[in-house]
Q: 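Below is the structure I would like to discuss, written out as structure tokens.
The chains referred to below are lettered A, B, ... by the order of the sequence lines, with proteins before strands, and numbering in each begins at 1.
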Amino acid sequence: MTSPQDNLAFDQTRLDKVRALKDKGITIFPSSFDRQHTVLEIKTRYADITHDKSAEPVSTAGRVYIVRNHGKTLFADLGDETGKIQLYIRKNDIGDEQFNLFNQFIERGDIIGVTGHIFRTKLGEITIWVETFTLLCKAVCSLPEKFHGLTDIEKRYRQRYVDLIVNEESRQTFRIRSRIISLIRRYLDDHGFLEFETPILQPVYGGANARPFTSYHNFLDQKLFLRIAPELYLKRLIVGGFEKVFEIARNFRNEAVDTNHNPEFSMVEIYWAYRDFEDMMGLTEAIVSSIVIEIHGKFEIPFEDTTLNFQRPWKKLAMVDAVKEYAGIDIYANTVEQLRDLAQQNKLEDWEKSKTHREFLVQFFEGLVEEKLIQPTFIHDYPVENSPLAKRHRTKEGFTERFELFIHGMEVGNGFSELNDPVDQKARFEEQDEKRRLGDVEAQMIDYDFINALGYGMPPTGGVGIGIDRLVMLLTNNVSIKEVILFPSMKKLQEDGEELPAVDASEKK
RNA sequence: GGGUCUGUAGCUUAGUUCGGCAUAGCGGCGGACUCUUAAUCCGCAGGUCAAGGGUUCAAAUCCCUUCAGGCCCGCCA
């Protein structure tokens with residue numbers, strides 16, 4: 001069992017170098033450096049440079065990625081956020097003392113600033129002919145191997161900073177993630193939606209069916225839950241008179257961790273007054289397809305061994321029709337007994353459990369259809385029992401005006417015409433509460449304050465939530481959610497003793 | 001929760017089938033080298049073979065337990 005300090009990767013020879021530099025009176029961690037150009041700026045401005053040195057000098061800074069020593073001269077690769085550029089350093093130019101200093105103390109991983117002129121080497125590489133260099137930060141941990149880099153998946157997740165230093169693909173994934181979030185925000189901003197922040201610590205959790213994380217407030221002496229969804233608070237804002245609102249929300253669900261689930265994940269939830277679920281399908285299409293174009297420049301993008309096509313309009317199917325089309329089963333042409341036989345034949349889990357047509361519908365859909373929905377597909381008209389916050393369907397008894405977006409077999413979005421009948425909402429909550437009391441760990445609590453809010457009147461409203469992590473997976477061709485979350489939840493490594501925050505005696509009961 | 005694979009030097013790894021001195025490259029250290037591109041050449045150091053237990057004259061290798069992770073399945077309406 002490793003102890004926490006064993007995780008420190010300080011390299012003794014590097015620590016020795018720090019000591020030696022200090023003894024020489026060299027500032028190892030200076031406060032600033034006058035960087036005039038990024039690597040990309042230099043490469044762009046001097047794209048046509050020849051073997052002759054540029055007239056004007058440049059100054060840039062970054063991490064040393066590799067050093068190629070040739071005795072009285074050396075080459076090194078310097079990298080900043082925008083890219084890498086080669087350095088050429090000669091003893092003749094910078095003098096014995098500086099040259100020896102570089103040779104002895106600057107190594108892979110250190111951060112330096114340089115000044116010099118640009119030229120192109122005989123082999124055609126754009127290069128900075130260095131005149132001065134300054135140590136800006138001595139790395140006391142050594143980087144992974146220069147050619148293979150860091151390939152250990154676990155280490156890439158646990159020490160993302162190292163992953164980002166050495167793996168450009170990883171940097172690119174997170175650049176795209178950042179861009180996607182910014183594009184979502186910009187789209188909604190441009191279309192008149194207001195962004196709000198609602199409570200993460202909630203006395204009553206709701207808005208989804210999921211197990212919550214539980215916390216505790218010392219001063220208030222009460223239990224608080226980390227939100228599983230922002231839904232019920234955002235709808236309170238619609239009651240309050242805001243008509244187009246959204247939140248880019250981190251949600252917390254105390255459930256399984258696998259390639260599609262992280263305990264904390266990001267969603268954008270959008271509510272739009274005087275709109276319904278059809279409109280929200282349209283909005284979802286518009287947002288997602290515009291992001292695809294911004295990121296990839298076209299609607300067809302590669303994912304795994306297939307091509308996803310985001311060209312609008314996307315396929316829309318009622319759940320009943322989806323089961324008919326993808327599973328070949330006409331739910332309402334069969335009796336419940338026949339459906340049970342079919343469920344058994346198809347080896348569905350818990351085939352004997354379902355008792356109604358609608359229960360079998362959901363069971364067949366989840367068991368046989370979801371995984372086949374590769375291209376962006378909206379499935380709509382969900383049974384009322386599964387959708388306690390959605391408005392009853394205007395024409396289909398027992399169903400709701402709800403849809404989910406599936407891409408590559410993954411649930412990416414979920415929306416509906418929001419239930420705004422406070423009496424019906426109260427009854428639906430009570431049904432959930434009953435399930436919860438009978439042991440359904442994911443059934444919802446009754447949020448009386450939310451019911452009360454509906455009592456003051458919420459206009460007909462459309463709402464949708466889009467899973468940002470999964471969207472990023474699709475747009476960056478990553479199969480695991482851990483690849484698109486900077487610091488995914490990982491089990492802690494050491495079990496020796498639990499560290500707890502200090503306790504204030506005055507708060508103790 | 002079930003199945004399966006993986007864990008060897010700072011990094012990338014050979015060795016595990018069939019038990020017999022712990023491999024190499026990179027990196028580090030020392031030396032040579034003034035246009036290299038994973039520079040090249042010579043030399044040196046570097047190991048709790050994930051942890052613990054067992055079998056054996058002898059275990060990285062076989063057996064058991066544990067830890068962490070990947071993948072698949074289940075769970076997630």
Q: Measuring only the P atom in each nucleotide, how far is B/U56 from B/U66? A whole number of Å is fine.
A: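 Nearest-Å result for B/U56 against B/U66 at atom P: 23 Å.
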Q: In whole Å, what separates the C1' atom of B/A45 from that of B/C26?
A: 15 Å
Q: From C-beta outward on A/S142, which listed nucleotide comes closest to its side chain: B/A77, B/A39, B/G10?
A: B/G10
Q: Where the side chain of A/R90 is defined as all heavy atoms beyond and including C-beta, which of B/A68, B/U34, B/U36 is the nearest nucleotide?
A: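 Of the options given, the side chain of A/R90 lies nearest B/U34.
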Q: Provide the distance between the two P atoms, one in B/U12 and one in B/U17, to the nearest whole Å.
A: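 These two P atoms come out 25 Å apart once rounded.
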Q: Provide the Watson-Crick or G-U wobble partner of B/G1, both distances under 3.5 Å; none if there is no partner.
A: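 When the pairing criteria are applied, B/C73 turns out to be the nucleotide that pairs with B/G1.
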Q: With rounding to the closest Å, how many angstrom separate the C1' atoms on B/G7 and B/A77?
A: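 These two C1' atoms come out 38 Å apart once rounded.
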Q: Where the side chain of A/N69 is defined as all heavy atoms beyond and including C-beta, which of B/C35, B/G74, B/C33 is the nearest nucleotide?
A: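 Between B/C35, B/G74, B/C33, the one nearest the side chain of A/N69 would be B/C33.
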Q: Check every atom of B/U34, B/A77, B/U12 against the side chain of A/K72 and return the nucleotide holding the closest atom.
A: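 So the side chain of A/K72 is nearest to B/U34.
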Q: My understanding is that a pair needs two contacts under 3.5 Å, Watson-Crick or G-U wobble. By that rule, which nucleotide pairs with B/U13?
A: none
Q: A/R392 vs A/E397, test: salt bridge (charged side-chain N to carboxylate O under 4.0 Å, His left out). Steps then yes/no.
A: CA-CA 8 Å; A/R392 289 174 194 275; A/E397 176 73 26; 5.8 Å; no
Q: Starting at atom CG of A/N260, determine the distance to atom P of B/C75, rounded to an integer number of angstrom.
A: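 In whole Å, B/C75 P and A/N260 CG are 14 Å from each other.
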Q: Give a yes or no on whether the backbone of A/R211 and the side-chain of A/E255 come within a donor-acceptor separation of less than 3.5 Å.
A: yes
Q: Side chain of A/P144: nearest nucleotide among B/C11, B/U34, B/U37?
A: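 Nearest to the side-chain atoms of A/P144, counting from C-beta on, is B/C11.
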Q: Between the side chains of A/E168 and A/R171, is the shortest nitrogen-to-carboxylate-oxygen separation below 4.0 Å, so that they form an ion pair?
A: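 Looking at A/E168 together with A/R171, the answer is yes, because their closest N to O distance falls below 4.0 Å.
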Q: Can you tell which of B/C11, B/U36, B/G74 lies closest to the side chain of A/F75?
A: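 Selected nucleotide (nearest to the side chain): B/U36.
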Q: Given the P atoms of B/C57 and B/A14, what is the spacing between them in whole Å?
A: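 Looking at atom P only, B/C57 and B/A14 are 32 Å apart.
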Q: Please determine, for the side chain of A/K17, which listed nucleotide (B/A77, B/G28, B/C35) has the closest atom?
A: B/G28
Q: If pairing requires Watson-Crick or G-U wobble contacts with both distances under 3.5 Å, which nucleotide is the partner of B/C67?
A: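 By the stated definition (distances under 3.5 Å), B/G7 pairs with B/C67.
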Q: What nucleotide, of B/G70, B/C35, B/A77, holds the atom closest to the side chain of A/K482?
A: B/G70
Q: Assess the residue pair A/F277 and A/F403 against the criterion (ring-ring contact (aromatic ring centres under 6.0 Å, His included)); give the C-alpha distance rounded to whole Å, side-chain angles, the decisive distance to 0.1 Å, and a yes or no.
A: CA-CA 7 Å; A/F277 74 128; A/F403 69 89; 7.0 Å; no
Q: Do the ring centers of A/F119 and A/Y88 come within less than 6.0 Å of each other?
A: yes
Q: Which whole number of Å gives the distance between the C1' atom of B/C76 and that of B/U23?
A: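 These two C1' atoms come out 46 Å apart once rounded.
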Q: Determine yes or no for a side-chain-to-main-chain donor-acceptor pair under 3.5 angstrom, with A/D321 supplying the side chain and A/L317 the backbone.
A: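 Here the side-chain-to-backbone pair does not exist.
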Q: Of the options B/A77, B/C11, B/C35, whose atoms approach the side-chain atoms of A/E145 most closely?
A: B/C11
Q: Now, which nucleotide makes the Watson-Crick or G-U wobble pair with B/C18, with each of the two distances under 3.5 Å?
A: none
Q: Starting at NZ of A/K155 and ending at P of B/A9, how long is that distance when rounded to a whole Å?
A: 8 Å
Q: Between A/E385 and A/S480, just flag the one whose closest nucleotide in RNA chain B comes earlier from the 5' side.
A: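 Result: A/S480.
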Q: Using both distances under 3.5 Å as the test, list the Watson-Crick or G-U wobble partner of B/U37, or none.
A: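 Pair assignment: B/U37 / none.
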Q: Please give the distance between the P atoms of B/G27 and B/U65 as a whole number of Å.
A: 43 Å
Q: Can you check the distance between B/U13 and B/A60, where both ends of the measurement are the C1' atom (answer in whole Å)?
A: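 Result for the C1' pair: 14 Å, nearest Å.
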Q: Measure from the side-chain heavy atoms of A/L150 and tell me the nearest of B/U12, B/A68, B/A77.
A: B/U12
Q: Identify, between A/R68 and A/N103, the residue whose nearest nucleotide on RNA chain B lies closer to the 5' end.
A: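 Per heavy-atom nearest nucleotide, the more 5' residue is A/N103.
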